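Note that the structure is a prediction, hence the values are computed from the model and not measured.
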Amino acid sequence: MTPRIVAIGGTVSTGSTTELTLRTAMASAAAHGAEVQLFDGAYLAALPHYRSSAHAGAEGSELVEAVRHADGLLLAAPGYHGTISGLVKNALDYLEDLSKDSRPYLDGRAVGLIATAYGDQATMSTMQTLRSIVHALRGWPTPMGATIRTFPGLFSVDGECLDDRARLQLELVGQQVVHGAMSLSAMAKAGA
């Protein structure tokens, strides 16, 4: 089985630390046999507010369909004022379109979480918010959630994580989401 992993996250800034952390976890997931599809900050920034007057219905359908067929997800959010960014929250609101599926929301899917911020306190509150959202959407957060305190020089100009502690966390999240996705898929097939 080749697990399908959907990666969602980033900021409005191209090449943000949040996006670079997500890409590091994605590389780990791919190295452990997953096929990974990215919805980055640029994609998320183009989404109108879910169900607002600007939301015509077709926006976000690519994201929703990818998650519908995914075995697992990677979510990366920056810590803004003690919680996740509105950009990431809006993208997660689009998953309401999965509510009536036979496998609603994130049911039966492993979800690896990454929280980035300039301070440790902000990374922890952001991580707690991500875990709460995933639980509300019936997903299975991986045991490891990466809390990455950002600082200048965390990544090279080529996007390589230069901090061993951060890199190891991100690689473990990528690995665990693949193993979790495979385990949950095997359990679902055995129960079918």
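The one candidate from V134, V173, L137 that meets the side-chain contact (heavy atoms from CB on, under 4.5 Å) condition with V111 is V134. When each of L92, N90, I8 is checked for a side-chain contact (heavy atoms from CB on, under 4.5 Å) with L44, only I8 meets the rule.
For NE2 of H49, the number of neighbouring non-hydrogen atoms (other residues, nucleotides, ligands) closer than 6.0 Å is 12 at most. Counted within 6.0 Å of CZ on R103, heavy atoms from surrounding residues, nucleotides or ligands total more than 12; the atom is thus considered enclosed. Around atom CD of Q121, no more than 12 heavy atoms belonging to other residues, nucleotides or ligands sit under 6.0 Å away. The 12-atom threshold is exceeded at NE2 of H69, counting heavy atoms of other residues, nucleotides or ligands nearer than 6.0 Å. Applying the 6.0 Å contact sphere to CD of E96 captures more than 12 heavy atoms from other residues, nucleotides or ligands.
Y43 meets the ring-ring contact (aromatic ring centres under 6.0 Å, His included) test with F39; sequence neighbours excluded. The side chain to side chain contact (heavy atoms under 4.5 Å, CB included) check on D97 picks up Y50, R51, V64, with sequence neighbours excluded.
Here the side chains of F155 and T24 are in contact, with some heavy-atom distance below 4.5 Å. Side chains of L154 and C161 form a contact here, defined as non-hydrogen atoms less than 4.5 Å apart. Using a 4.5 Å cut-off on side-chain heavy atoms (C-beta onward), Q37 and E62 make contact. Annotation: side chain of L95 is in contact with side chain of V67 (closest heavy-atom distance under 4.5 Å). Within the 4.5 Å cutoff, no side-chain heavy atoms of P104 are placed close to those of S99. For the pair L73 and V177, the minimum side-chain heavy-atom distance is 4.5 Å or more. For the pair T2 and E35, the minimum side-chain heavy-atom distance is below 4.5 Å. Inter-residue side-chain proximity for T129 and K89 is flagged as unmet; no heavy-atom pair is nearer than 4.5 Å.
Side-chain N or O atoms of D158 include none that pairs as donor or acceptor with a backbone N or O of E160 at under 3.5 Å.
In this structure, CG in L20 is found 11.0 Å from CD1 in I114, a value given to the nearest 0.5 Å.
I5 and L22 fall within a single hydrophobic cluster, where Ile, Leu, Val, Met, Phe, Trp and Tyr are joined by side-chain heavy atoms under 4.5 Å apart, directly or via other members.
Between R167 and D163 there is no salt bridge, since no side-chain N of the basic residue sits under 4.0 Å from a carboxylate O of the acidic one. Comment: R109 does not engage D71 in a salt bridge, judged by the lack of any side-chain N to carboxylate O separation of less than 4.0 angstrom.
No side-chain donor-acceptor contact under 3.5 Å links T150 and T17.
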Contacts table for residues 139-149: side-chain donor-acceptor under 3.5 angstrom, sequence neighbours left out:
residue : atom : partner : partner atom : Å
T142    : OG1  : M144    : O            : 2.7

Stepwise side chain to side chain donor-acceptor pair (under 3.5 Å) test for T18 and T116: CA-CA 6 Å; T18 303; T116 63; 2.6 Å; yes
